[in-house]
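To start, the structure itself, in structure tokens.
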There are 2 protein chains.
Amino acid sequence: MKIEEEIKQTAFRNEYHKAYINLLYTSNFLQQEHGSMLKPFGITSPQFNVLRILRGQYPKPATVSLLIERMLDKTSNASRIVDKLEAKELVTRKQCPNDRRTVDVLITEKGLDLLKQLDALDNDNKSGGIYNLTEDETRELNRMLDKIRD
Amino acid sequence: MKIEEEIKQTAFRNEYHKAYINLLYTSNFLQQEHGSMLKPFGITSPQFNVLRILRGQYPKPATVSLLIERMLDKTSNASRIVDKLEAKELVTRKQCPNDRRTVDVLITEKGLDLLKQLDALDNDNKSGGIYNLTEDETRELNRMLDKIRD
DNA sequence: TGCAAATATATGTACATACATTTAATGTAC
DNA sequence: GTACATTAAATGTATGTACATATATTTGCA
């Protein structure tokens with residue numbers, strides 16, 4: 001559906017304004033879809049992102065700083081997301097002996113298992129959303145998005 | 001900066017995955033920029049969006065349902081955003097006499113003034129962000145985003 | 001050495017989001 | 001015209017975001 005119909009606005013100031021709204025709206029759309037996919041598994045989207053970063057490091061631990069550096073939303077509160085993951089026993093947290101200011105966060109077996117389940121789902125789901133684009137369009141989209149943030 | 005450098009990830013599973021992350025990241029980037037522009041004026045981004053919808057209706061009032069229908073994030077909580085705007089005297093709220101379930105929300109003079117100030121800022125700021133694209137690119141971006149949500 | 005600056009994480013607060021539930025008013029079927 | 005479903009808005013609760021501040025530790029340098 002065209003963005004005009006989605007938010008029932010017939011006219012935008014110009015093509016740029018429309019693209020701006022469209023970008024935000026589409027991002028929300030994708031995040032909500034992803035969120036409802038994760039819901040049955042008892043984690044939220046930010047929690048999932050942190051788990052994936054931790055798997056990328058595994059079997060090494062990650063510090064909270066490293067998580068912040070790699071999270072999509074840099075200003076979010078990594079400490080509290082790790083709190084939630086720790087409560088679900090998907091990660092462990094212990095003070096690092098070398099530098100007692102930092103904390104070693106490590107994904108658990110349970111966390112790795114959960115991600116494995118979700119990987120399987122992802123592989124079965126290569127249609128819709130971003131997959132509506134051709135590979136060429138996807139490359140073009142990446143180029144334009146990088147340009148927007150320049 | 002390329003998305004790989006932004007989140008310090010050297011490899012993505014494929015171009016689609018990269019575009020997905022890039023879309024979410026760029027949307028956050030734009031929203032944060034916009035949020036800090038609004039901050040000195042004492043309103044948040046969702047509050048601003050509601051004000052704009054109300055100006056679009058002015059001098060007619062809008063119901064909360066209409067706000068939800070037109071908001072970028074459909075699942076957000078319009079009632080509570082209107083609470084905040086009412087506390088700042090940017091909108092008024094009164095029960096509708098025809099249908100006593102609904103509420104008439106109306107932007108105040110103070111609200112209209114605030115938007116006018118922000119309009120001026122917007123006009124002085126037609127560079128950077130989405131304006132890094134050419135107009136052709138912008139049309140192409142709109143087309144691709146609509147396709148993603150199909 | 002001693003002490004200020006820098007760093008790593010955690011905490012506090014206001015606001016927003018996601019989603020379930022509640023309350024009140026209206027519409028509709030019988 | 002009463003009973004039940006529907007609709008509109010508000011409220012409750014858990015989580016996340018944005019930003020300021022606090023606490024502990026380490027670093028660096030006078």
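In what follows, chains carry the letters A, B, and so on, assigned in the order in which the sequence lines appear, proteins first and then strands, with residues in each chain numbered from 1. In this text the structure is predicted, and so the values were computed from the model without any measurement.
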Check whether any side-chain N or O of [X] sits under 4.0 Å from OP1 or OP2 of [N], and answer yes or no.
X	N	result
A:R80	C:dT11	no
B:T44	C:dC15	no
A:Q47	D:dG16	yes
B:Q32	D:dC19	no

Fill in the blank from the handout: Sequence neighbours excluded, the answer for side chain to side chain donor-acceptor pair (under 3.5 Å) partners of B:D83 is B:R93
Report which part of the nucleic acid [X] touches: base, sugar-phosphate, or nothing (heavy-atom distance under 4.0 Å, all strands).
X	value
B:N98	sugar-phosphate
A:S45	nothing
B:S79	base
B:D73	sugar-phosphate

Completion exercise
Between A:K88 and B:N28, the residue closer to the 5' end of DNA chain D by nearest nucleotide is A:K88
Fill in the blank from the handout: Contacts of B:D146 meeting side-chain contact (heavy atoms from CB on, under 4.5 Å) (sequence neighbours excluded), chain-then-number -> A:K2, A:I3, A:N22, B:R149
Can you measure [X] atom [atom1] to [N] atom [atom2] for me and round it to whole angstrom units?
X	N	atom1	atom2	value
B:D99	C:dA25	CG	C1'	7 Å
B:N77	C:dC15	CG	P	14 Å
A:H34	D:dG16	NE2	P	14 Å
A:Y25	C:dT17	OH	P	14 Å

Problem - Side chain A:K88, main chain A:I43, donor-acceptor under 3.5 Å - result: no
Handout entry: salt bridge (charged side-chain N to carboxylate O under 4.0 Å, His left out) partners of residues 18-40 of chain A, not counting sequence neighbours, each pair once
Key = A:E4-A:K18
Practice task
Would you list the pairs meeting side-chain hydrogen bond (donor to acceptor under 3.5 Å, both in side chains) in which at least one residue belongs to residues 100-113 of chain A, sequence neighbours left out?
Solution key: A:D99-A:R101
Problem - No-hydrogen, no-angle side-chain donor-acceptor test under 3.5 Å, B:Q31 and B:S27 - result: yes
Problem - B/S/- contact track for nucleotides 1-6 of chain D, protein heavy atom under 4.0 Å - result: ------
Exercise for the section: Using ring pair (Phe, Tyr, Trp, His ring centres under 6.0 Å) as the criterion, list what pairs up with B:F29, not counting sequence neighbours. Expected result: none
